[in-house]
K.L.:
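One structure is given below, represented as structure tokens, and several questions about it will come after.
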Number of protein chains: 2
Amino acid sequence: MDSLTERLTERGWRMTPQRRVISSVFDVSGAANIHLTAEEVLERAVAALPEISRATVYNTLGELVDAGELLSVRVGDRITRYDPNVMSDHHHMVCNECGAIFDVPARGMRAPNTSGAADGFVIQSTEVIYRGVCADCG
Amino acid sequence: MDSLTERLTERGWRMTPQRRVISSVFDVSGAANIHLTAEEVLERAVAALPEISRATVYNTLGELVDAGELLSVRVGDRITRYDPNVMSDHHHMVCNECGAIFDVPARGMRAPNTSGAADGFVIQSTEVIYRGVCADCG
DNA sequence: TTCTACATTAGACAGCGTCTAAAGTTGGAT
DNA sequence: ATCCAACTTTAGACGCTGTCTAATGTAGAA
């Protein structure tokens, strides 16, 4: 499987040092359970390329989401997180103690009963957040 | 069933004009499908009590959530909404076109398979957001 | 009526993100 | 190798949603 950096070149993205650094942040073995905030990505990008700007990180993350290479994840606080696990359909578990986020496979989700106000609603996607206590905190 | 305003008095809350106005915003017949932002509540409160301050609205909404009289709901944007439907366990459907939010009863949600990274996670609550197109927009 | 604990207020401040307009770069065309 | 148009990056101002502070006001028990 290509790395994210390689896929961007294939997509015809102009490859810049900034984009290389940002995408390499997500090029780690095992894409599961990575949920970085933009500020965390910025921090890692600055470590590799000190003059990179915040706007570029935000712009690039947004473009990666639009391109389907990252998922944007919100688990209740107001911070957007970026999840490179785009291949496997999954939901999230959030630990109420430590805030850790885990991917959980989405399977056998059943359609809700939409009688009442939501009659006629056509569901396009379903997003589930399980909250509780993780093994480390329990 | 008591009104929210009445329940607050029963709880021993000091009753002020501000609290009366804010709680009356949610005292409407049929608590389903009400999902107001703090600014919307402020707007309605100002209509009834022009000198009310933003801080009071935010404070009071927070207290109502802590007291279990309102649910705070986030459906992906960064705005918190307040939902007076605390009696029936429900999830939300969000229209991708118009942004309307509908309550849908929670039933028969099955526990996810948590093998892997989330082993040992104890689930305390589950929150589901269905996204799609509502009857009006479809 | 008094008094105190509680509630309200204006406005400054904070976190996360977006926008702008000026300057810099990439990479195909030549 | 060079050029140059289109694309990208940048600093920093700005915006939105929400929080905090410290001064002032008030509900309601005694």
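Every value quoted in this text rests on a predicted model; they were computed, and no experiment measured them. In the text below, chain A, chain B and the rest are named by the order of the sequence lines, each starting its count at 1.
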K.L.:
Answer whether the closest heavy-atom distance between the side chains of A:R81 and A:T37 falls below 4.5 Å.
P.N.:
yes
K.L.:
CD of B:E51 versus P of D:dT24: gap in Å, rounded?
P.N.:
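Distance, rounded to whole Å: 19 Å.
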K.L.:
With sequence neighbours excluded, tell me which residues meet side-chain hydrogen bond (donor to acceptor under 3.5 Å, both in side chains) with A:N96.
P.N.:
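Expected list: B:Q124.
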K.L.:
Side-chain donor-acceptor contacts of residues 59-67 of chain B below 3.5 Å, not counting sequence neighbours, with atom names and distances?
P.N.:
| from | atom 1 | to | atom 2 | distance (Å) |
| --- | --- | --- | --- | --- |
| B:N59 | ND2 | B:A55 | O | 3.3 |
| B:T60 | OG1 | B:T56 | O | 2.7 |
| B:E63 | OE1 | B:R19 | NH2 | 3.3 |

K.L.:
B:T80 side chain N/O closer than 4.0 Å to the phosphate oxygens (OP1, OP2) of D:dG18?
P.N.:
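Yes, B:T80 has a side-chain N/O under 4.0 Å of OP1/OP2 on D:dG18.
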K.L.:
Could you work out, with salt bridge (Lys or Arg N to Asp or Glu O under 4.0 Å) as the rule, every residue matching A:E127, not counting sequence neighbours?
P.N.:
B:R131
K.L.:
Please identify each residue that fulfils side-chain hydrogen bond (donor to acceptor under 3.5 Å, both in side chains) with B:D136, with sequence neighbours left out.
P.N.:
none
K.L.:
For A:T5, enumerate each residue passing the side chain to side chain contact (heavy atoms under 4.5 Å, CB included) test, keeping only those at least two apart in sequence or located in another chain.
P.N.:
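If we apply the side chain to side chain contact (heavy atoms under 4.5 Å, CB included) test to A:T5, skipping adjacent residues, the hits are A:S3, A:R20, A:S23, A:D27.
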K.L.:
Which residues in residues 53-62 of chain A have at least one heavy atom lying under 4.0 Å from any atom of DNA chain C?
P.N.:
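Those residues whose heavy atoms fall under 4.0 Å from DNA chain C, taken from residues 53-62 of chain A in numerical order, are A:R54, A:A55, A:Y58.
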K.L.:
Can you name the residues that form a salt bridge (Lys or Arg N to Asp or Glu O under 4.0 Å) with B:E39, not counting sequence neighbours?
P.N.:
B:R54
K.L.:
Taking only residues two or more places apart in sequence, or in another chain, which ones meet B:V128 in a side chain to side chain contact (heavy atoms under 4.5 Å, CB included)?
P.N.:
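If we apply the side chain to side chain contact (heavy atoms under 4.5 Å, CB included) test to B:V128, skipping adjacent residues, the hits are A:T126, A:V128, B:H91, B:M109, B:T126, B:Y130.
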K.L.:
Check nucleotides 28-30 of chain D for protein N or O atoms closer than 3.5 Å to its own N or O atoms and list the pairs.
P.N.:
| from | atom 1 | to | atom 2 | distance (Å) |
| --- | --- | --- | --- | --- |
| D:dG28 | OP1 | B:M15 | N | 3.1 |

K.L.:
Roughly, in whole Å, what's the span from CD1 in B:I79 to P in D:dT19?
P.N.:
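To the nearest whole Å, that distance equals 13 Å.
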K.L.:
What is the distance from CG of A:L8 to P of C:dT26, rounded to the nearest Å?
P.N.:
16 Å
K.L.:
For B:V86, give me all partners under side chain to side chain contact (heavy atoms under 4.5 Å, CB included), at least two apart in sequence or on another chain.
P.N.:
B:L71
K.L.:
Considering only heavy atoms, which members of residues 40-49 of chain B lie under 4.0 Å from some atom of DNA chain D?
P.N.:
none
K.L.:
With no hydrogens and no angle check, is any side-chain donor or acceptor of A:D83 less than 3.5 Å from a backbone partner on A:H35?
P.N.:
no
K.L.:
Please identify each residue that fulfils side chain to side chain contact (heavy atoms under 4.5 Å, CB included) with B:E51, with sequence neighbours left out.
P.N.:
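B:L49.
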K.L.:
Report yes if a side-chain nitrogen or oxygen of B:Q18 is closer than 4.0 Å to either non-bridging phosphate oxygen (OP1 or OP2) of C:dT9; otherwise report no.
P.N.:
yes
K.L.:
Students often get this wrong, so: under 4.0 angstrom with heavy atoms, is B:E39 touching a base, only sugar-phosphate, or nothing?
P.N.:
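Contact class for B:E39: none.
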K.L.:
Just N and O in the side chain of B:R78: are any of them under 4.0 Å from OP1 or OP2 of D:dG18?
P.N.:
no
